[in-house]
> 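One structure, pasted below without further comment.
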Amino acid sequence: MNWIWAIIIIAGYILYRFIQDVKKDEQDLSNETMLEKFSVIVQRINEVECKDQGDVLIESARDFNLYKEGDNQIFLFNYGTGHLTIWGKYKYFHKEMVFEKTFYDVRNISTIQQHNIADAFIVEYEQKKLEHQKEVLRGR
């Protein structure tokens, strides 16, 4: 019976921490939008991947997409509990690749850190894109 109480206490603590983090997110996003908060990352990915022609589609206070009209890729951004997750979706010969990367503890992120995050994402995304192209061409 004691282990049941231990599990309940641990689950309660985890739930409490989660709720606290969600409240911190709400405070973060009450001062500036998510797009404003991560503007350097978005600008850099737009510059490299969309050739500065990307459009942003706001889905909610915590989600938006970056895409270039008529292109075969899209980038999805999600912010939650102090973490930023970016997905890069790329379609090549009707075969889709999805690359996902989460950056932790980005509540108080500097411009330099944003540049580093964007560049790290771009390097890994480009590598996955090339691997995907090779794999698709091998299967043809």
> Test of understanding: with salt bridge (Lys or Arg N to Asp or Glu O under 4.0 Å), list the residues that count as partners of Glu124, not counting sequence neighbours.
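Lys101.
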> Please name the pair of heavy atoms, one in His83 and one in Asp105, separated by the smallest distance, quoted to 0.1 Å.
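Looking at all heavy atoms of both residues, the closest pair is ND1-N, 3.2 Å.
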> Just wondering, do Phe38 and Tyr79 contact through their side chains at under 4.5 Å, heavy atoms?
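In contact.
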> Near Gln43 CD, under 6.0 Å, is it more than 12 heavy atoms from other residues, nucleotides or ligands?
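No, the 6.0 Å shell around CD holds no more than 12 heavy atoms from other groups.
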> When clusters are formed from ILVMFWY side-chain contacts under 4.5 Å, directly or step by step, what else is grouped with Val40?
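Taking Ile, Leu, Val, Met, Phe, Trp and Tyr as members, Val40 stands alone, with no cluster partners.
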> Shortest non-hydrogen contact from Val106 to Phe103?
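The answer is CG1-O, 3.8 Å.
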> Please enumerate all residues that pass side chain to side chain donor-acceptor pair (under 3.5 Å) together with Lys68, with sequence neighbours excluded.
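Expected list: Gln53.
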> Could you report the tightest heavy-atom contact between Glu100 and Thr102, atom names first, then the distance?
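Minimum heavy-atom separation between Glu100 and Thr102: OE2-OG1, 4.1 Å.
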> Side chain to side chain donor-acceptor pair (under 3.5 Å) with Glu96: which residues, sequence neighbours excluded?
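Once residues adjacent in sequence are excluded, Glu96 has no partner under the side chain to side chain donor-acceptor pair (under 3.5 Å) criterion.
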> What's the separation between atom CD1 in Ile41 and atom CD1 in Ile86, rounded to the nearest 0.5 Å?
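CD1 of Ile86 is found 5.5 Å from CD1 of Ile41.
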> Is there a continuous path of hydrophobic side-chain contacts, each under 4.5 Å between heavy atoms, that joins Ile58 to Val42?
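Both belong to a single hydrophobic cluster.
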> Hey, could you give me each pair passing salt bridge (Lys or Arg N to Asp or Glu O under 4.0 Å) that has a residue in residues 45-54? Not counting sequence neighbours.
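Residue pairs with at least one partner in residues 45-54: Arg44-Glu47, Glu49-Lys129.
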> So which atom in Val136 and which in Lys95 form the shortest heavy-atom distance, rounded to 0.1 Å?
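Minimum heavy-atom separation between Val136 and Lys95: CG2-CB, 3.8 Å.
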> At what distance, to the nearest 0.5 angstrom, does CG of Leu66 lie from CG of Leu35?
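Leu66 atom CG to Leu35 atom CG measures 9.0 Å (nearest 0.5 Å).
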> Between Phe93 and Leu137, what is the shortest heavy-atom contact and its length?
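That would be CE1-CD2, 3.9 Å.
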> Working to the nearest 0.5 Å, report the span between CZ of Phe64 and CG of Leu76.
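The CG atom of Leu76 is 10.0 Å from CZ of Phe64, to the nearest 0.5 Å.
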> Can you tell me if Leu130 has over 12 outside heavy atoms packed within less than 6.0 Å of its CG?
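Buried by this count: over 12 neighbours within 6.0 Å.
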> State the CZ-CG distance between Phe75 and Asn65, to the nearest 0.5 angstrom.
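Separation between the atoms: 11.0 Å.
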> How long is the span from the CG atom in Leu84 to the OH atom in Tyr104, to the nearest 0.5 Å?
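So the gap between those two atoms works out to 11.0 Å.
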> Kindly work out whether a path of hydrophobic side-chain contacts (I/L/V/M/F/W/Y, heavy atoms less than 4.5 Å apart) joins Tyr125 to Tyr92.
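Yes, same cluster.
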> Tell me whether Val56 is reachable from Met34 by hopping between hydrophobic residues (I, L, V, M, F, W, Y) whose side-chain heavy atoms are closer than 4.5 Å.
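Yes, same cluster.
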> Got a sec, which residues hit ring-ring contact (aromatic ring centres under 6.0 Å, His included) with Tyr67, two or more places apart in sequence or on another chain?
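For Tyr67 there are no ring-ring contact (aromatic ring centres under 6.0 Å, His included) partners, ignoring immediate neighbours.
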> I need the Lys128 NZ to Glu135 CD distance, nearest 0.5 Å.
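Result: 10.5 Å between the selected atoms.
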> When clusters are formed by joining ILVMFWY residues with side-chain heavy atoms under 4.5 Å apart, either directly or through shared neighbours, do Trp87 and Phe121 land in the same one?
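Different clusters.
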> Using the rule that two of Ile, Leu, Val, Met, Phe, Trp, Tyr join whenever any of their side-chain heavy atoms come within less than 4.5 Å, decide whether Ile45 and Val98 are in one cluster.
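Hydrophobic grouping puts Ile45 apart from Val98.
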